[in-house]
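Here the structure is laid out as C-alpha cells; the discussion comes afterwards.
Residue numbers start from 1 in every chain, and the chains themselves are labelled A, B, ... in the order their sequence lines are given, proteins ahead of strands.
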Protein chains: 2
Amino acid sequence: MDYRFRLWLMKNNKKVFGEGPLKLLKKVEELGSLRQAALSMQMSYSKAWKIMKHVEEELHIKLLERKIGGKTGGGSTITREAKDLIKNYEALVASVNKKIEEDVNKYFMI
Amino acid sequence: MDYRFRLWLMKNNKKVFGEGPLKLLKKVEELGSLRQAALSMQMSYSKAWKIMKHVEEELHIKLLERKIGGKTGGGSTITREAKDLIKNYEALVASVNKKIEEDVNKYFMI
DNA sequence: CATCGTTATTCTTTTGCGCAGATAACGCAT
DNA sequence: ATGCGTTATCTGCGCAAAAGAATAACGATG
C-alpha cells in the first residue's frame, strides 16, 4: 500500500513550517534571491514573500538576510537559524518516513 | 514544539483513505445512517456520499451495507471490512504519532 | 395504497480564499 | 539623474470545492 504524509510544526495552533517553506528556503539558499526562488518554482513572488514572512513572524526567527537596491537590485541569503531549521526538519521527516513505511507494511500488508 | 500530521493511504497516486473518511465511517457506525452522520458533522449529504463512493471505488471494498426504504426509511451499517480498515488505520496513526512525538522532541527541543 | 425517511444521483449555485499582478520603495553603478 | 532587479505591500478576481436543490427509487407499516 502506498502512502503520503505531511508534517507541520505548529505554534498557536497555526501551521508554521512544513514542506512548502522548506522547499522555498532551500531554493533561496541555492539562488540567492527570493524572487528567483519563487520563479524557479512557478510561484508568484507575493506568495513566496508571504510564506517567508509568516514563518518568521510565527516562529520569531529571522530566516532571510535581505538586501534591497544596489547594482544587482538586491537579494536574500538564508541565516544560520534557517539552515538549522532545514537540517532539523529534514532529519525529522526522514526519521518519521522510515517509521511510517515500516508501519504501513505492518498494518496494510498489501 | 507542537506538530500536526496527516497520513493518507494512496492508490494510483490518488488519496484513498485518510482522516476525513475515517471520521465519517465512525459516525455512520455510531448513527446507523450516512445522512445522520453527515448532518452530525455539518457536512452536506452529497459530500459524504461522494467520499464513501470514492473510497469504495478506489479501494475496491464495500464499506457500507445500505438499506433503502422501510419504516425508518432505511439506513447504513458498516461492513466487517470497514471495521478492519478503521482498526488498522487507527493503529497505524497511533504508532506513527508516538514516533513523531519522540522525534519532534528530539529535533526541536523547545 | 399512501406515508415516511432514508439512499442514490446529478445539476446548479454559492462562497471563500489563494493567487497573480500591479505598484511602491530602495540603493548602487554608470 | 536614470536604469535596473530586487524587496515590500495591497487589491481584486478566478476557480475549485462545497453546499444545496431537485429527482427518483425503495420498502415496511398501518
Side-chain angles (χ1 to χ4, degrees), chain A residues 6 8 13-59 61-79 81-82, chain B residues 6 8 13-59 61-79 81-82:
Chain A
R6 299 287 301 242
W8 299 271
N13 225 28
K14 289 193 289 190
K15 291 175 186 174
V16 136
F17 197 76
E19 289 295 329
L22 172 74
K23 191 173 167 192
L24 190 55
L25 255 190
K26 292 179 77 173
K27 275 289 177 190
V28 174
E29 182 177 29
E30 174 190 345
L31 299 172
S33 151
L34 181 56
R35 184 156 195 276
Q36 291 307 321
L39 281 181
S40 79
M41 299 167 63
Q42 334 356 342
M43 177 188 289
S44 70
Y45 174 77
S46 56
K47 181 180 175 185
W49 180 82
K50 274 178 197 160
I51 290 175
M52 288 295 102
K53 184 191 175 188
H54 180 241
V55 176
E56 288 184 324
E57 283 180 352
E58 294 297 329
L59 228 40
I61 65 178
K62 194 174 171 190
L63 295 178
L64 300 184
E65 204 62 64
R66 289 127 166 125
K67 218 168 47 178
I68 308 178
K71 172 165 125 191
T72 65
S76 291
T77 56
I78 78 172
T79 63
E81 281 169 308
Chain B
R6 299 289 299 246
W8 300 272
N13 226 27
K14 290 193 287 190
K15 291 177 188 175
V16 137
F17 197 76
E19 290 295 330
L22 172 74
K23 193 172 165 193
L24 189 54
L25 255 190
K26 292 179 76 173
K27 274 290 178 191
V28 174
E29 183 179 27
E30 175 190 345
L31 300 173
S33 150
L34 181 55
R35 184 158 195 275
Q36 292 307 321
L39 282 180
S40 80
M41 299 166 63
Q42 6 308 13
M43 176 189 290
S44 67
Y45 174 76
S46 54
K47 183 180 176 184
W49 180 82
K50 277 177 195 159
I51 290 174
M52 287 296 102
K53 183 191 175 187
H54 180 242
V55 176
E56 287 185 326
E57 282 179 354
E58 294 298 327
L59 227 40
I61 65 178
K62 195 174 171 191
L63 295 178
L64 299 184
E65 203 63 62
R66 290 126 166 127
K67 218 170 46 178
I68 308 176
K71 172 166 131 190
T72 64
S76 292
T77 56
I78 78 174
T79 63
E81 282 169 307

Could you check how far [atom1] of [X] sits from [atom2] of [N], rounded to whole Å?
X       : N      : atom1 : atom2 : result
A:Lys47 : D:dT11 : NZ    : C1'   : 18 Å
A:Leu31 : D:dT7  : CG    : C1'   : 16 Å
A:Met41 : C:dC19 : CE    : P     : 11 Å
B:Tyr45 : D:dA17 : OH    : C1'   : 19 Å
A:Lys71 : C:dC28 : NZ    : P     : 13 Å
A:His54 : C:dC19 : NE2   : C1'   : 16 Å
A:Gln36 : D:dT6  : CD    : C1'   : 9 Å
B:Leu39 : C:dT6  : CG    : C1'   : 12 Å

inquiry  = Judged by each residue's nearest nucleotide on DNA chain C, which is more toward the 5′ side, A:Met43 or A:Ile68?
reply    =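 Closest to the 5' end, via its nearest nucleotide, is A:Met43.
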ask   = So which one's nearest nucleotide on DNA chain D is more toward 5', A:Gly69 or A:Lys53?
value =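 Its nearest nucleotide lies further toward 5', so the answer is A:Gly69.
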Quick one: which of [options] gets closest to the side chain of [X]?
X       : options              : answer
B:Lys50 : C:dT10, C:dT6, D:dT7 : C:dT10
B:Trp49 : D:dA8, C:dC28, C:dT9 : C:dT9
B:Arg66 : C:dT6, D:dT7, C:dA8  : C:dA8

task = Scan B:Gln42 against the nucleic acid and name what it touches under 4.0 Å (heavy atoms): base, sugar-phosphate only, or nothing.
result =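 It contacts sugar-phosphate atoms only.
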request  = Report which part of the nucleic acid A:Leu64 touches: base, sugar-phosphate, or nothing (heavy-atom distance under 4.0 Å, all strands).
outcome  =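 Counting heavy atoms under 4.0 Å across all strands, no contact is made by A:Leu64.
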request  = Quick one: closest heavy-atom pair of A:Lys27 and A:Ala37, and the distance?
outcome  =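 For A:Lys27 and A:Ala37, the tightest heavy-atom pair comes out as CB-CB, 3.7 Å.
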Below 4.0 angstrom from OP1 or OP2 of [N], is there any side-chain N or O of [X]?
X       : N      : answer
B:Ser33 : C:dG5  : no
A:Arg35 : D:dT6  : yes
B:Ser46 : D:dA19 : no

ask   = Tell me, do A:Thr79 and A:Ile61 make a side-chain contact under 4.5 Å, heavy atoms counted?
value =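 The answer is no, as the side chains (C-beta and beyond) never meet within the 4.5 Å cut-off.
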query = So do the side chains of A:Met41 and A:Leu24 get within less than 4.5 Å of each other, counting heavy atoms only?
reply =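 The answer is yes, as the side chains (C-beta and beyond) meet within the 4.5 Å cut-off.
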query = Rounded to the nearest 0.5 Å, what separation is found between the CG atom of B:Leu59 and the CD atom of B:Glu57?
reply =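 Between B:Leu59 CG and B:Glu57 CD, I get 11.5 Å after rounding to 0.5 Å.
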inquiry  = What I want to find out is whether B:Glu56 reaches B:Lys62 closely enough, with some N-O distance under 4.0 Å, to be called a salt bridge.
reply    =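 Salt bridge between B:Glu56 and B:Lys62, a charged N being under 4.0 Å from a carboxylate O: no.
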